[in-house]
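For this chain, numbers begin at 1 and follow the sequence in order.
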Amino acid sequence: MEAARLAVRNLVAGYVPGHPILRGVNLEVAPARITVVLGPNGAGKSTVLKVLAGFLAVQSGSIRLDETEIAGLPAHRHAASGIALLPQGHSVFPDLTVAENVELGGWILRGDRIRLRRAVDAVFARYPNLHPLRDKPAGSLSGGQQRAVEIARLLVADPRVLLIDEPSVGLSPAIATQVYRELVALKAEGRTILLVDQDVRAAIRIADYVYVLNSGRNDVEGDRAAFEGDLGSMVRGWLGV
């Protein structure tokens, strides 16, 4: 897999015209690396991912995927370019089966049923624990199993860039650890990962580079070693303590 690079320059975006959440954010998401975005609630972390996935319009600024400008393109064009989003919280369709949920991840392949079937089968081969659950309603699974379905769905279209929002929310520590291990494995395959997380310690543990946002702007940044010291002080600073 050819690793992809995302470059975000002076990104301004928000939900209400004239009231931006992101106020000139700059990010360099290196190929085949895990880049982590941290910050207090309301800093704009999840908003960044929505913009990069094409779900929220860019008001100004640039987003380049390798050498291609993608700011302003609709979400399906972002997906076709190899960008995939794992949203925060559970996102399975509870009344659909596990197999149907996973197949939805191949929406951009729907015109080639043979290719789609092979892609779905490959994902179930990758996650054999899901195979016996194929015909079960996704809503009947445990939280950890649902997260596995969501990751499987994410990979059907074989994306080069993964946007991951709060992957451990609602999971037990043991299951969360498995999720983070899978992110590291996906990086090893050459996938570029941008991770937003409130679990600061877990995120930094697997990060190659870290950005901290505050009030929609860049605050501090650095490689993992720069953030492995007194994390408590950083979090207390976010809380104003």
Side-chain angles (χ1 to χ4, degrees), residues 1-15 21-22 24-37 44-88 91 101-120 122-123 126 149-167 182-197 207-209 211 213:
M1 173 178 292
E2 183 180 353
R5 177 185 298 273
L6 272 176
V8 178
R9 297 287 180 267
N10 301 315
L11 184 62
V12 177
Y15 304 93
I21 302 297
L22 306 179
V25 168
N26 294 284
L27 302 173
E28 187 74 27
V29 185
R33 295 291 183 266
I34 297 177
T35 302
V36 171
V37 178
K45 304 184 301 296
S46 294
T47 302
V48 167
L49 297 190
K50 291 173 184 175
V51 173
L52 295 181
F55 296 139
L56 185 63
V58 173
Q59 295 178 10
S60 64
S62 171
I63 304 170
R64 296 187 71 84
L65 176 62
D66 293 329
E67 300 304 318
T68 302
E69 179 63 49
I70 62 172
L73 296 180
H76 71 276
R77 294 282 301 279
H78 287 238
S81 298
I83 298 175
L85 171 67
L86 180 67
Q88 181 181 352
S91 63
N101 269 273
V102 171
E103 187 169 327
L104 285 173
W107 178 252
I108 64 172
L109 307 177
R110 65 192 183 281
D112 187 339
R113 297 299 300 180
I114 294 176
R115 185 182 174 196
L116 175 58
R117 177 48 49 199
R118 287 173 177 168
V120 170
V123 167
R126 180 185 181 115
V149 171
E150 291 162 350
I151 294 174
R153 182 180 64 199
L154 189 75
L155 297 179
V156 171
D158 197 23
R160 297 190 299 150
V161 178
L162 306 180
L163 309 174
I164 311 293
D165 196 357
E166 304 281 2
E182 181 61 11
L183 294 182
V184 173
L186 290 167
K187 181 189 82 166
E189 295 174 5
R191 302 183 199 272
T192 301
I193 298 175
L194 182 60
L195 169 64
V196 162
D197 216 329
D208 293 294
Y209 201 82
Y211 289 92
L213 300 185

Are [X] and [Y] side-chain neighbours, meaning at least one heavy-atom pair lies under 4.5 Å?
X      : Y      : answer
Val161 : Leu6   : yes
Val12  : Leu22  : no
Leu162 : Leu154 : yes
Ile70  : Ile83  : yes
Val58  : Val51  : yes

For atom [atom1] of [X], decide whether the heavy atoms of other residues, nucleotides or ligands shown that lie under 6.0 angstrom number more than 12.
X      : atom1 : answer
Arg115 : CZ    : no
Arg77  : CZ    : no
Arg64  : CZ    : yes

Nearest non-hydrogen partners of [X] and [Y], listed with the distance:
X      : Y      : value
Pro167 : Leu195 : CD-CD1, 3.5 Å
Ala4   : Leu65  : CB-CD1, 3.9 Å
Gly105 : Ala157 : O-CB, 3.8 Å
Pro31  : Ala3   : CB-CB, 3.5 Å
Ser46  : Gln88  : OG-OE1, 4.0 Å
Ala57  : Ala13  : O-CB, 3.6 Å

Spell out, as yes or no, whether a donor-acceptor pair under 3.5 Å connects the side chain of [X] to the backbone of [Y].
X      : Y      : result
Asp165 : Leu163 : no
Arg110 : Trp107 : yes
Glu150 : Ser91  : yes
His76  : Ile108 : no

From [X] atom [atom1] to [Y] atom [atom2], the distance as rounded to the nearest 0.5 Å:
X      : Y      : atom1 : atom2 : answer
Leu213 : Ile21  : CG    : CD1   : 12.0 Å
His78  : Leu52  : NE2   : CG    : 8.0 Å
Glu182 : Leu155 : CD    : CG    : 7.0 Å
Ile63  : Asn10  : CD1   : CG    : 11.5 Å
Leu183 : Ile151 : CG    : CD1   : 6.0 Å
Arg33  : Glu28  : CZ    : CD    : 13.0 Å

*Stepwise, does the side chain to side chain contact (heavy atoms under 4.5 Å, CB included) test hold for Val156 with Leu116?*
CA-CA 8 Å; Val156 171; Leu116 175 58; 4.2 Å; yes
*asked:* What verdict does the side chain to side chain contact (heavy atoms under 4.5 Å, CB included) test give for Phe55 and Leu85, after you've listed the backbone C-alpha separation in whole Å, the side-chain angles of each residue and the deciding distance to 0.1 Å?
replied: CA-CA 10 Å; Phe55 296 139; Leu85 171 67; 3.5 Å; yes
_Electrostatic pair Asp158:Arg191 at N-O distance under 4.0 angstrom_ = yes
*With sequence neighbours excluded, residues passing salt bridge (Lys or Arg N to Asp or Glu O under 4.0 Å) with Lys187*: Asp208
*Results of side-chain hydrogen bond (donor to acceptor under 3.5 Å, both in side chains) for Thr192 - residues two or more places apart only*: none
